[in-house]
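Contents: one structure, followed by commentary.
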Amino acid sequence: MNIANNLAFVVFPYLMLTVFVVGHIYRYVTDSLGWNARSSEFLEKKQLFYGATIFHWGILLTLLGHAGGLLIPQKVFDAVGINGDTHTMIAYYTGWLAGGAAFAGSVLLLIRRVTRRRIKATSLVNDYVTLIGLVIVTGLGFYNVVFGHFYVLDSVAPWIRSIVTFLPKPELMLGVPLSYKVHIVSALALLGFSPFSRLVHIWSAPFTYFPRRWILFRRSVADL
Amino acid sequence: MKIKAQMAMVLNLDKCIGCHTCSIPCKNVWTNRKGAEYMWFNNVETKPGIGYPQKWENQTIHNGGWTLKNGKLRLKAGERLHKFANIFHNPDLPTVEQYYEPWTYDYDKLISSPNKRYQPSIRPKSQITGDPIRIKWGPNWEDDLAGVSETGIHDVNFARLDHAVYLSFKHVFLFYLPRLCEHCLNPACVASCPSGALYKREEDGIVLVDQERCRGWRYCVSGCPYKKVYFNWNTGRSEKCIFCYPRIEAGMPTLCAFSCVGRIRYVGVVLYDADKIHAAASSDPPASLYRAHLDILLDPDDPEVARAANAQGISQNFIDAARKSPVFKLAKTWELALPLHPEFRTLPMVWYIPPLSPIAEHVEPTEQVDAIDRLRIPVAYLANLLTAGDETQIRRVLKRLIALRRYMRSIRVENSLDEDVLQQAGLTPQTAREMYQLLAIAKYEERFVVPTRAVGDGMQTFRDQGACGFS
């Protein structure tokens, strides 16, 4: 049991995080022409509006929630007057909203992908793996919010902090319910897969659009 | 004064016969790939009509180009914050139906069919899904007014005109409008790109999409009011007319211009003052945009301009080419060529000479009615297309073209010199001769004055060979 636990919550996370970092560099260097979202809005627009909008806002808020709730120690929240129970309650309600949106959006996108003729015909295996992965991860996350009711702030949260600070404490995960474990492992697997999928567009969020001037000029050949 | 050089084109609509020869080499060379089947960097539309993609001129639907908001120049579709708020779903993006679903045929079925009672036949098959489809639109769907009795009412160029009259068989008119990327001085596609992948080339102003930096946000597609940036659904990136830059760099005209059997196209360099762009694009009312646009163009024969251009690093062969530029002559010196839809405020650099048309019989000639008002193509329609509704500019151009014809006819057919008609149009016999030479004779070397790229500045032709184009 301990070996499996160590594999799942020490070896596997670091393996996936390594693939995540190295994979992104590799993809960026070797496939600069493929680095985009592979948008299908041009082929189907109406259904995409609901799926993509709901999913994207949902997953962004979910990401913020995970980062804020799990990476910041409970001590910090205690200091500003948010005790563990209040924190959990906030997480519960925002989880319903944001997690629910991410899950619902990804399901809508999957339905669109298999039912719309043009989208189906132009889908790659990679697109299905990505989308089904998202449905599984967000679905399990949403399941945990709705049915889990497990207190994560002294188990999962410190474990994640132990991973990112390179002082892994897998024993924290021993008492965690299975649905949480599967959620974590599948999320890590998706993280490891993401550099090889269309998800790389996350890293190209065009913030440089804000400061730049409107019309760009470039020389065709750089002055060597 | 910040001088830049720009490759530009003039199309003489008076001579376009709508043969689509320009579109074919362009298609075969640049967009004959998966995901690009539906793209026509160059297409020929019949006017009146709503074109390809459908209703591209109607910016209340497409939200392309620029607009003035409280006197300030703004992207019509909204700017930075608006784009971020809609980054997951571009509300203004046209879909494939508005262009057309590309199709092919199983030609093999014709060849391999067993001996049957009836001839084998083949049905169109979608190049996206592979399913049999009904063809519903295309890049020249309204060719020679096909279906325009129904679609024509949506043509925005009928503004202030009674379209019902001009769509009736008795009064119908048509002309062709070959369209390509305008390589604008104030390109809305470049301004719309969140990634900064689109740019104008410093040395010749050709607008390109950097395929390595394009992240497929699709705002260039919706931002371009001419709908001449296309989204490749296979690669997830945008593509557009590249003004055949590999040919231009070698001193050759674009494929569309080169192949034009009517010799209606002119390719040349113009010098312009980049400092004046913003003010010109912000001109109000829209009818003043044409004049402001012309004022940006600099006279390369002006020694002041030539000296400044030299000092700012514009190579001598570009300055020489600008002096012989057919585009400068037609657009600026003679003011015959006009920009397409200047009200989009992008300062387009593909110019059009409006077409003459037969004198319509249905207008009773009176003292008050000018011959130009009796042309079959209504002046107001051309004005909506080329001068943001300013009819005086169209009248001036048409008057010059008619005078030129009348003058040449008096020489060559009637054997009597009619110089009065020239004077009325403000032309001298000398100018008329030159115009005749360039417009009617249209020799290759006069139509195309394309300087080769300055060799030297970091250019490595051997290393770069085969690097142009798309992968």
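Values below: every heavy atom of this structure, side chains too, minus hydrogens, waters and symmetry copies. Numbered from 1 within each chain, the chains take letters A, B, ... in sequence-line order. Quick caveat, the model's predicted, so the values are computed rather than measured.
- A distance of 6.0 Å or more separates the ring centres of B:W137 and B:Y99.
- Ranked by non-hydrogen atom pairs under 4.5 Å with chain A, the options B:I277, B:L81, B:N90 are led by B:N90.
- The number of heavy-atom neighbours closer than 6.0 Å to OH of A:Y92, taken from other residues, nucleotides and ligands shown, is above 12.
- Comparing A:E44, A:R212, A:H201 by heavy-atom pairs within less than 4.5 Å of chain B, the highest count is held by A:R212.
- Proximity to chain A is limited to the side chain of B:Y38, based on heavy atoms less than 4.5 angstrom apart.
- The environment of B:K2 atom NZ is dense: over 12 non-hydrogen atoms of other residues, nucleotides or ligands sit within 6.0 angstrom.
- To the nearest 0.5 Å, atom CG of residue A:L108 and atom CG of residue A:L48 are 10.5 Å apart.
- Residue contact with chain A, scored on non-hydrogen atoms closer than 4.5 Å, is absent for B:L208.
- Residue B:D131 is tested with A:R117, A:K120, A:R118 for a salt bridge (Lys or Arg N to Asp or Glu O under 4.0 Å); the sole match is A:R117.
- Most heavy-atom pairs under 4.5 Å with chain B, from the set A:S204, A:S40, A:A52: that is A:S204.
- With a threshold of 4.5 angstrom between heavy atoms, B:I87 approaches chain A through side-chain atoms but not through N, CA, C or O.
- Defined by atom type and a distance below 3.5 Å, a donor-acceptor pair is present between the side-chain atoms of B:S195 and B:W217.
- When B:G216, B:P187, B:G35 are compared by the number of non-hydrogen pairs under 4.5 Å with chain A, B:P187 comes out ahead.
- Here A:K45 is the residue among A:K45, A:R38, A:R198 with the most heavy-atom pairs under 4.5 Å with chain B.
- For chain B, the nearby parts of A:F207 are the backbone and the side chain; heavy atoms of each come within less than 4.5 Å.
- Between chain A and the residues B:G196, B:A274, B:P94, the most heavy-atom pairs under 4.5 angstrom are made by B:G196.
- In summary, the aromatic rings of A:Y180 and A:F150 are positioned with their centroids under 6.0 Å apart.
- For B:Q98, no part lies under 4.5 angstrom from a heavy atom of chain A.
- Considering every non-hydrogen atom in both B:M252 and B:V450, the closest pair reads O-CG1, 4.0 Å.
- Residue B:C189 does not touch chain A at all, counting heavy-atom pairs closer than 4.5 Å.
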